[in-house]
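Below you'll find the structure, written out as structure tokens, and then a few comments.
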Amino acid sequence: MLKILVLHGPNLNLLGLREPEIYGKTTLIDINKELMGFAKKEGFELTIKQSNFEGELIQIIQEAMENYDGIVFNPAAYTHTSIALRDAIAAVNIPVIEVHLSNIYKREEFRHHSYISEVAEGVVSGFGKESYFLGLRALINLLSKKAKK
Ligand code: CA2
């Protein structure tokens, strides 16, 4: 059975609780419940983690290589700042799909650049919580193609 990690970056624990006009009313707990339901239906093993700390996210990514087949990652604001996270992703040999709730290219200029995209397998941005499901779908397709090779 495929083992997948969904990783949420900083401040995403505030989803639904603050700034609902930008990020909607759905909480991270709601999204996580739906993601677990999706995993059950599709038949893969899902672990979900969230951290507000850059170093902890790096640690989780490094350790993920031993325990998971791939990662769906919303690096949140670290997308636009963190060479350290980019290096961690480049160093692990499992695929990482970058996802964003909002379309980062429709927003402020400083969100238009991602340090993560150049080392990610692909990017899903702008579909709200659906971005996570699209990211998971893409990762599963990728991993099952690899398994057949
Ligand atoms: O659209 C996304 O998923 C982002 O990764 C979200 C980040 C933002 O910095 C990125 O540019 C795009 C922000 C996540 C913070 O979420 C909050 C939720 C509720 C209240 C405040 C922040």
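Each ligand, and each atom within it, is numbered from 1 in the order the structure gives.
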| query | Is the centre of the His113 ring less than 6.0 Å from the centre of the Tyr115 ring? | reply |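 His113 vs Tyr115: aromatic centres under 6.0 Å.
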
Ring centres under 6.0 angstrom apart (Tyr132, His8):
yes

Exercise. According to the salt bridge (charged side-chain N to carboxylate O under 4.0 Å, His left out) rule, which pairs have a member within residues 88-110, sequence neighbours left out?
Worked result: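 Salt bridge (charged side-chain N to carboxylate O under 4.0 Å, His left out) check on residues 88-110 returns Glu108-Arg111.
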
For residues 25-34, the salt bridge (charged side-chain N to carboxylate O under 4.0 Å, His left out) pairs (sequence neighbours left out) are Glu34-Lys129

With the threshold set at 4.0 Å, does a side-chain nitrogen-carboxylate oxygen contact exist between Arg137 and Glu42?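 Looking at Glu42 together with Arg137, the answer is yes, because their closest N to O distance falls below 4.0 Å.
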
The side-chain hydrogen bond (donor to acceptor under 3.5 Å, both in side chains) partners of Asn52 (sequence neighbours excluded) come to Gln50

Can you list every pair where an N/O of ligand 1 is under 3.5 Å from an N/O on the protein?
unit_1   : atom_1 : unit_2 : atom_2 : d
ligand 1 : 1 (O)  : Leu101 : N      : 3.3
ligand 1 : 1 (O)  : Ser102 : N      : 2.8
ligand 1 : 1 (O)  : Ser102 : OG     : 2.5
ligand 1 : 3 (O)  : Asn74  : ND2    : 2.9
ligand 1 : 3 (O)  : Leu101 : N      : 2.7
ligand 1 : 5 (O)  : Asn74  : OD1    : 2.9
ligand 1 : 5 (O)  : His100 : ND1    : 2.9
ligand 1 : 9 (O)  : Ala77  : N      : 3.4
ligand 1 : 9 (O)  : Arg111 : NH1    : 2.8
ligand 1 : 11 (O) : His80  : NE2    : 2.7
ligand 1 : 11 (O) : Arg111 : NH1    : 2.9

